[in-house]
Amino acid sequence: TVRFACNSYVVPHTLVGEKIVLRVKGTTLRVFDRDHLLVTYEIPEGTGHLIQDKKFYEALREDREMNRRKYRHPGLKYGKGTKGKARATISPEKPAYPMDVEARPPKVYDRIAGLVRP
């Protein structure tokens, strides 16, 4: 989903981590991938809504490669049979390995930068 004006709008799963363009005119929201129009939504009154187009959920169910990577069962379609527990999805934003980060007080950085903090 993509968030706009405190509402969530469903977009294709293949665009996770990609930049998309939202164009708003009046109460209409259009979602573009480069110059290709993906979907047009009506902006609802109020906030906290999930606005969706069912075709994106169908595409997600039919994405055999994504299901193979996530569930390690190449022959099963989403929602058919028993697939077992899904593996954790790796975000493109998340580092590949967990890192220990040292917490330091701001005075340390001030000393490094040559500033003096009272």
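All values derive from a computational prediction rather than experimental measurement.
Remark: of the listed residues Val31, Asp33, Val16, Val31 is the sole one forming a side chain to side chain contact (heavy atoms under 4.5 Å, CB included) with Val11.
Evaluation of the side-chain contact (heavy atoms from CB on, under 4.5 Å) rule for Glu45 yields no partner, not counting sequence neighbours. In this structure, the side-chain contact (heavy atoms from CB on, under 4.5 Å) partners of Arg3, at least two apart in sequence or on a different chain, are Cys6, Ser8.
Here the shortest heavy-atom pairing between Asp63 and His13 reads OD2-NE2, 2.6 Å. For the pair Leu38 and Phe56, the tightest heavy-atom approach, listed with the atom from each and the gap, is O-CZ, 4.1 Å. The two residues Gln52 and Tyr57 come nearest to each other via the heavy atoms OE1-CE1, 2.9 Å.
Under the 4.5 Å side-chain criterion, counting only non-hydrogen atoms from C-beta, Val24 is in contact with Phe4. At least one side-chain heavy atom of Glu42 sits under 4.5 Å from a side-chain heavy atom of Thr28.
Ion pairing between Glu58 and Arg61 holds under the 4.0 Å rule for side-chain N and carboxylate O.
Residues Ile43 and Val10 share a single hydrophobic cluster, defined by chaining ILVMFWY side chains whose heavy atoms lie under 4.5 Å apart. Side-chain heavy atoms closer than 4.5 Å link hydrophobic residues (I, L, V, M, F, W, Y) into clusters, and following such links, possibly through other members, connects Ile20 to Tyr9.
In this structure, Leu37 shares a hydrophobic cluster with Val21, Phe32, the cluster being traced through Ile, Leu, Val, Met, Phe, Trp and Tyr side chains under 4.5 angstrom apart.
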